[in-house]
Structures are given as structure tokens and as C-alpha cells.
Student: 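Submitted below is the structure of interest, expressed as C-alpha cells.
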Amino acid sequence: MSEKINCLIIGSGPAGYTAAIYAARAGLKPIMYTGLLQGGQLVNTTDVENYPGYPKGILGPEMMEDFKNQALRFGTDIRFGMATKVDFSVSPKKIWIDDNIEVEADAVILATGAEAKWLGIPSEKRLNGSGVSACAVCDGFFYRNTEVAIVGAGDTACEEAIYLSKLCTKVHMIVRRDEMRASKIMQQRVIDTPNIQVYWNSETDEILGETVVDAVRIKNNKTGELTTIPVHGFFVAIGHQPNSGVFKEFITTDDQGYVTTVPGTAKTNVEGVFACGDLQDKVYRQAVTAAGTGCMAALEAERWLSEKGIGH
Ligand code: NDP
């Protein structure tokens, strides 16, 4: 099966749906392939309180349903499927969905997002959303005036530890080596924050709690000593993995796999291919910033198609 279209959107998080709303309203008749996790990372979260327009907050999955319905309202053709192979060296570009559906598209918007890395211990999975989180900016507020723990030692972990220190009475920062990977300035800020306590050479042994987190047990990897720290929130900040693998042969990425866009735009190194959302953002990673770049990608796709005299 093969079909030729104007505009293909790959991915269904805030970036993909926003791109779809704009592209559909511009008459591009976009087709979206959602990927496996329809709605993206937000369907794995609970309350979202920092997305403008929802003064009372909203559940992540409900918000993504709203995004989807808004994209559908303007005629986006939303389909379930994964891009498994692309050829961006030809025009129109070729994309294979689930290995067997072939799509030819003039403009392609990449919005496949990123995934948080997890420690991989069972209690982390069991208590995910019940005290365990991979996003302090999203969930820190729920643990204000309590003690929390954060694991990681990169810039994200430092930034999130500092963010949490302003909301929480104490932040226990678990660092697996005797030094941090983060930039010197971020490390210094952590050290200078009185209510952040760093545990060096320490690994998470177990997150404790029946239905919600009530403590974390850490193990000193030099002495083997176990320490239990009572906390209500447990934040994992050990990095993210952008979902860029399938595009890498054609699309320029940085050394961590994030798609490189021309600064201030959603343009990639391939004409007519645009990238938005967490796939190209390792700094902000917010639903609202993803939506903003989704809008940029669609506006640029529309402009590019009309400059080339393609499509509508
Ligand atoms: P990084 O890959 O830089 O750091 C990951 C950290 O997690 C490391 O300290 C690593 O430890 C630790 N880690 C990894 N796996 C485990 C594990 N299983 N158990 C315990 N600890 C673990 O990821 P970041 O998300 O921090 O940053 C990604 C990129 O984004 C970096 O280039 C960073 O500079 C950038 N960034 C920039 C910001 C800004 O400019 N404001 C803000 C945030 C990020 P170890 O060091 O031992 O390997």
C-alpha cells in the first residue's frame, strides 16, 4: 500500500497535535501517525497544573484527548502506527509505517519526542505516578513542604534539585560517583543550597512504600552501608533518550541524539523536514514549549510548501 500526501506528522504528543491543528487549519490535510504511545509522555502522568488554559489543572491523558479532539475537529487524519524507516534523500520523502505501509510526503514534521531514562528497579515502576516522577517541574509542586529525593548528577538533576529546594523542606540528592557530571556552576549552586544534602557514591537500593512513596533506601557503593531516608517524592533525573534513531541516517543530531534545528526555527538539515518538541529540546522539555515548537513546524511547513508551489 502506498499513498502520496502533502504533510505527514510523526508523533502524537503536544508538539505533534499542535502541528496538526495548525497544518489542518492551513488546509494541508495532514496525516498523523501516532506512534505506540498515543498522546506521548503526558499519558503517563497524572495532574498537569502548569499548562496555560486549564486553571483548575487537568489529568495528562485527558489533556492529550483534548489536543487530539482539537486536531480531529479541523480534519487531521489520525492513524495508529510507527514510522519504522524513512528515505529523506528523495522528493517527495518516503516513510514506511510498521514496515509495510509506504507514505510519500512533501513536508514531514518529526514530533517523536523523548523518553526519560529510568533506573530499572521494580519499585520505581510500581510507584510511578504515586511519588515517583521523572519531571520535577511537572510534579514537584505536589510534594511542597515535604522531603524528597532526586537521583542523578547532570545539569538536569542539579537544576531540578534547586527547583525542588524552593518548594520542599529538604532535597536528598543521590549521586553514584564521588563527583558530578554537571557544569561547575550548577554543581556549586547545589552545594551552596542549604536544604540540599548530597549523598556521594550512593545508589538507589529500593524505593519504599505500599501505595505511595514513603522512603528511599540507598546503598553506599564504597562501604555497602544501607541508609533509609523518609521522603514523599522520588525524582529520577538521569537523562533522556530522544526518539530519533529511525531518522539518523538523514537528519543531523547532536552527540546525544537530539535533532539539530536551525536556531529559532523548526528546520532540520533536510529541506521540507521539520522537527519539534522534545525530539529537539533537551533543555525545557515542557508540554507548552513542545506545543510552541509544533506550531512553528507547521507554519514553516506551510510556508515551505507554498514557496515550492506544492500541494494545496
Ligand atoms: P546527563 O547525561 O548529562 O547526566 C545524567 C546523569 O545521571 C549523570 O550524572 C549520570 O551519572 C547519572 N546517571 C545515569 N544513569 C544512572 C543510574 N542508573 N543511576 C544513577 N545515576 C545515573 O543528562 P542530563 O539530563 O542531566 O543532561 C542532558 C544534556 O542536557 C547535557 O548535555 C546537559 O548539559 C544538558 N542540559 C542543559 C541544561 C541547561 O543548559 N540549562 C539543563 C539541563 C540539561 P554519571 O555522571 O556517573 O554517568
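Every number for a ligand or one of its atoms is a count from 1 in the order of the listing.
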Student: Show me which atoms of ligand 1 lie under 4.0 Å from any heavy atom of Leu119.
Tutor: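 Those of ligand 1 that fall under 4.0 Å from Leu119 are 17 (C), 18 (N), 19 (N).
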
Student: Suppose we measure from atom 22 (C) of ligand 1 to each protein heavy atom; which comes out shortest, and what is that distance?
Tutor: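 Ranking protein heavy atoms by distance from atom 22 (C) of ligand 1, first comes Ile238 CG2, 3.4 Å.
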
Student: For atom 8 (C) of ligand 1, which of the options Glu159, Arg181, His240 provides the nearest non-hydrogen atom?
Tutor: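 Considering heavy atoms of Glu159, Arg181, His240, the nearest to atom 8 (C) of ligand 1 sits in Arg181.
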
Student: Look at Glu300 together with Arg303 and state whether they make a salt bridge at an N to O cut-off of under 4.0 Å.
Tutor: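 Judged by the 4.0 Å cut-off on N to carboxylate O distance, Glu300 and Arg303 do not form a salt bridge.
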
Student: Which residues, ordered by chain and number, are linked to Leu167 in its hydrophobic cluster, where ILVMFWY side chains connect at heavy-atom gaps below 4.5 Å, directly or through other members?
Tutor: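 In the cluster with Leu167 are Val137, Tyr163.
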
Student: Evaluate Val283 for polar contact with ligand 1, using N/O atom pairs at a separation under 3.5 Å.
Tutor: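 It does not: no N or O of Val283 is found under 3.5 Å from an N or O of ligand 1.
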
Student: Tell me which protein heavy atom sits closest to atom 33 (C) of ligand 1, plus the residue, atom name and distance to 0.1 Å.
Tutor: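 Ranking protein heavy atoms by distance from atom 33 (C) of ligand 1, first comes Asp155 OD2, 3.5 Å.
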
Student: Can you figure out which of Gly239, Ala114, Ala153 has its heavy atom closest to atom 9 (O) of ligand 1?
Tutor: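 Of the listed residues, Ala153 has the closest heavy atom.
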
Student: Closest by any non-hydrogen atom to atom 16 (C) of ligand 1: pick that one out of Lys282, Arg176, Lys117.
Tutor: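 It is Arg176 whose heavy atom sits nearest to atom 16 (C) of ligand 1.
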
Student: Using a 4.0 Å cut-off to any heavy atom of Arg285, which atoms of ligand 1 qualify?
Tutor: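 Those atoms are 25 (O).
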
Student: Asn221 and Glu203: side-chain donor and acceptor closer than 3.5 Å?
Tutor: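 Result is yes, a qualifying pair exists.
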
Student: Where's the contact between Thr204 and ligand 1, heavy-atom distance under 4.0 Å: side chain, backbone, both or neither?
Tutor: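 For Thr204, no heavy atom sits under 4.0 Å from ligand 1.
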
Student: Going by the side chain to side chain donor-acceptor pair (under 3.5 Å) test, which pairs reach into residues 111-129, not counting sequence neighbours?
Tutor: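 Found Ser123-Glu206.
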
Student: Give the contacting part of Met186 toward ligand 1: side chain, backbone, both or neither, where contact means a heavy-atom distance below 4.0 Å.
Tutor: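 None of Met186 does.
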
Student: Identify, by atom number and element, the atoms of ligand 1 in contact range of Arg177, meaning under 4.0 Å from any of its heavy atoms.
Tutor: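 Numbered from 1, ligand 1 contributes 45 (P), 46 (O), 47 (O).
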
Student: Taking atom CD as the centre, does Glu49 end up with more than 12 heavy-atom neighbours from other residues, nucleotides or ligands that are less than 6.0 angstrom away?
Tutor: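 More than 12 heavy atoms, drawn from other residues, nucleotides or ligands, come within 6.0 Å of this atom.
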
Student: Please lay out, stage by stage, how Arg181 and Asp155 fare under the test salt bridge (Lys or Arg N to Asp or Glu O under 4.0 Å).
Tutor: CA-CA 7 Å; Arg181 182 184 294 270; Asp155 280 324; over 6 Å; no

Student: Please determine whether any non-hydrogen atom of Glu160 lies less than 4.0 Å from an atom of ligand 1.
Tutor: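 The answer is no: ligand 1 sits nowhere under 4.0 Å from a heavy atom of Glu160.
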
Student: Give the residue, atom name and distance (to 0.1 Å) of the protein heavy atom nearest atom 26 (O) of ligand 1.
Tutor: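 Of every protein heavy atom, Thr156 N, 3.0 Å lies nearest to atom 26 (O) of ligand 1.
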
Student: Look at ligand 1 and say whether Gln256 reaches it with a heavy atom at a distance under 4.0 Å.
Tutor: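 Yes; Gln256 lies near enough to ligand 1 that a heavy-atom distance drops under 4.0 Å.
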
Student: Hey, which of His240, Arg285, Gln41 is the one that makes side chain to side chain donor-acceptor pair (under 3.5 Å) with Asp278?
Tutor: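 So, applying the side chain to side chain donor-acceptor pair (under 3.5 Å) to Asp278 and each of His240, Arg285, Gln41, only Gln41 qualifies.
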
Student: Check this for me: does any side-chain nitrogen of one of Asp254 and Lys282 sit under 4.0 Å from a carboxylate oxygen of the other?
Tutor: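 The answer is yes: the pair qualifies as a salt bridge.
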
Student: Locate the shortest heavy-atom distance separating Gln286 from Cys135; write the atom from each residue and the value.
Tutor: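 Nearest pair, atom of Gln286 first, then Cys135: NE2-SG, 4.4 Å.
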
